[in-house]
Chemist: 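The structure that follows is given in the form of structure tokens.
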Number of protein chains: 2
Amino acid sequence: MDERVPRDFETLRTTILDRRASLPKRIAQIAAYALDNPDDIAFGTAASIAASAGVQPSTLIRFAQQLGFDGFTSLQQVFRERLRERNSSYDERLAALRAKAEEGAGHRAIFDGFVAAASTSLSDISRALNDVHFEEAVDLLAKAETIYVLAKRRSYPVASYIAYALGKLKIRNQLIESAAGLNAEMIGFATPRDAVIAISFSPYAPATIEETRSIAEQGVPIVAITDSSFSPLAQFAKVWFEVAEADFGGFRSISATMALAMALTVAVGEKRRDTGRKRKA
Amino acid sequence: MDERVPRDFETLRTTILDRRASLPKRIAQIAAYALDNPDDIAFGTAASIAASAGVQPSTLIRFAQQLGFDGFTSLQQVFRERLRERNSSYDERLAALRAKAEEGAGHRAIFDGFVAAASTSLSDISRALNDVHFEEAVDLLAKAETIYVLAKRRSYPVASYIAYALGKLKIRNQLIESAAGLNAEMIGFATPRDAVIAISFSPYAPATIEETRSIAEQGVPIVAITDSSFSPLAQFAKVWFEVAEADFGGFRSISATMALAMALTVAVGEKRRDTGRKRKA
DNA sequence: GTCAATATGAAATAATAATTCCAATCCATA
DNA sequence: TATGGATTGGAATTATTATTTCATATTGAC
């Protein structure tokens, strides 16, 4: 009765590993399954788990009892507890960061806020990015003779990074800046054999939209990075990405956009190398 | 039947928040409880949850139905799914991303690699940033008449962001770009009452170093963001930050630098507002 | 090869939990 | 303040799920 029943997942794990050798075949089978698929144990029903592991429900219960639990249900508690704790680590850290940031404890809080916003944005885009769109965009850009990069204001840093990286990769590109006021002329040079990366977020810089429209009308294919399907950029684009950036204190992060931009650039570089190699071969 | 039922937690959350105002009292009560204690919903039974939230089990079911689910059980699935996805602790998720990136499965891997690099950089800097240095930098910059921003190549996007944000905050600043070749003259205008943010990473752009040296010799205080104590920038700076950016495929992330830059900028903005207010009062 | 001990499968049973239903209550409106 | 509709509480019902039981199979010792 007061047998030493494992109360936390780590102890349980060790116990199972220790006894592994001496366990009967089916019990060993469920033991292995349990350690490999702890989530399934946490959420499944005795019957569903047993089925997945290829044993009978009763075996599952015997397994639990052999470990000192009085049934499957109490064994399951341990697996659930693990999820609760696990989960809290990352989320809570972020939440703590955000909380500290929001309660405004000095300037450090501002920094924490931006780190939290950036982290959130990254994990969002990591989930949301569409592989197919990404491939399409890479294809499209890899075929271009010249890649035009178009962005103003808040998005301009991203554009300047893309231009820098493309240059490093020896890919011909043209950053459309407004400094010299020659944008219209620059855009005039683009042909359908080129391509454009256009970046703009709400409130969309009118110049970006205008220039995107006019370059689209010349038949130049456009890859857009923007923030919603209502974005004016979306309608001009062959491929477009929706990037939801978290904000802090009214300043939106650009880390997700940046990561996407870097990935696009490097992927285009790789694609070109591959194509070049094949052509030679 | 084919009502749009929220399938993931975020959608569900938004849906609930949207309708909150129009929900009856008890339903609203359980809605609030659900968003506050998502783990309890994931693991509890209808009865136990209802008890914790102070309502009847039937209310819980009505709540689920009102959201379009056909019962509590299907609502609970969403809460469980959330745990599963988030479950893998942050580090594990990162490790998975990195692994996927390294095994090189297509272009998606490149994207994953950059997201992983950015996340790593962020969590590193979050740990490493020195509060005292941060405060010093903010003080120094807040007092400046004009903030000069100095960075080339890979760091230039950060500089351009700083310039943009400072502009938005109505803080006088001057981005030192090389376009017109008038950098030396620009630098000549700086006085000890101004300040500089200089950013450079190995291999340090010679122009950045040269310009930083010459501006330092004029007695202008410098805040440097760089990557090691051996950096030539460090010796010229009043305050300097060491930012270790992770890289992927030879391209280093700039997300940590970016977060720091944003934080510095906004903190300076706040500091100025505060000081301004005090002066008036 | 036989026997006993152990392990396993399958179905019956008990327990638990979700859902439904109906009466009571609350609330807005005339 | 009376009336109809919406909301809620609580018990009854239904469903699902864990557990037990027992027959059968397997294993190892003699």
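Protein chains get the first letters and strands the later ones, always in sequence-line order, with residue 1 at the start of each.
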Chemist: If I take atom CD in residue B:Gln66 and atom P in nucleotide C:dT19, what distance separates them, rounded to the nearest angstrom?
Modeler: 15 Å
Chemist: Are the charged groups of A:Arg82 and A:Asp39 less than 4.0 angstrom apart, N to O?
Modeler: yes
Chemist: At under 4.0 Å between heavy atoms, what does B:Ile27 touch on the DNA or RNA strands: base, sugar-phosphate, or nothing?
Modeler: sugar-phosphate
Chemist: Can you measure A:Gln76 atom CD to D:dT17 atom C1' for me and round it to whole angstrom units?
Modeler: 11 Å
Chemist: Just compare C:dG9, D:dG9, D:dT20 and give me whichever is closest to any side-chain atom of A:Gln56.
Modeler: C:dG9
Chemist: If you only use heavy atoms from C-beta on, which nucleotide in D:dG9, D:dA18, C:dT19 is closest to the side chain of B:Phe72?
Modeler: C:dT19
Chemist: Can you tell me the distance, in whole Å, between the CG atom of A:Leu75 and the P atom of D:dA18?
Modeler: 12 Å
Chemist: Under 6.0 Å from the ring centre and within 45 degrees of the ring axis: does the NZ or CZ of A:Arg154 meet both conditions for the six-membered ring of A:Phe201?
Modeler: yes
Chemist: Does a side chain donor of either A:Ser200 or A:Thr208 reach within less than 3.5 Å of an acceptor in the other side chain?
Modeler: no
Chemist: Between atom CD1 in B:Ile61 and atom P in D:dT7, what is the gap in whole Å?
Modeler: 17 Å
Chemist: Out of D:dT20, C:dA18, C:dG9, which has the shortest distance to the side chain of A:Arg26?
Modeler: C:dG9
Chemist: Does the ring centre of A:Tyr156 sit less than 6.0 Å away from the ring centre of B:Tyr164?
Modeler: no
Chemist: Check every atom of C:dG9, C:dA18, D:dG10 against the side chain of B:Ser58 and return the nucleotide holding the closest atom.
Modeler: D:dG10
Chemist: Measure from CZ on A:Phe43 to C1' on D:dA18 and round the result to the nearest Å.
Modeler: 19 Å
Chemist: Among residues at least two apart in sequence or on other chains, which ones pass ring-ring contact (aromatic ring centres under 6.0 Å, His included) with B:Phe69?
Modeler: none
Chemist: To the nearest Å, how far apart are A:Phe63 CZ and C:dT8 C1'?
Modeler: 16 Å
Chemist: Given D:dT20, is OP1 or OP2 found less than 4.0 Å from the side-chain N or O atoms of A:Gln65?
Modeler: yes
Chemist: Quick one: on DNA chain C, does B:Thr73 or B:Lys25 contact a more 5' nucleotide (nearest heavy atom)?
Modeler: B:Thr73
Chemist: Judged by each residue's nearest nucleotide on DNA chain D, which is more toward the 5′ side, B:Leu23 or A:Ser74?
Modeler: B:Leu23
Chemist: Looking at D:dA18, C:dA17, C:dC22, which one has an atom nearest to any side-chain atom of B:Arg62?
Modeler: C:dC22
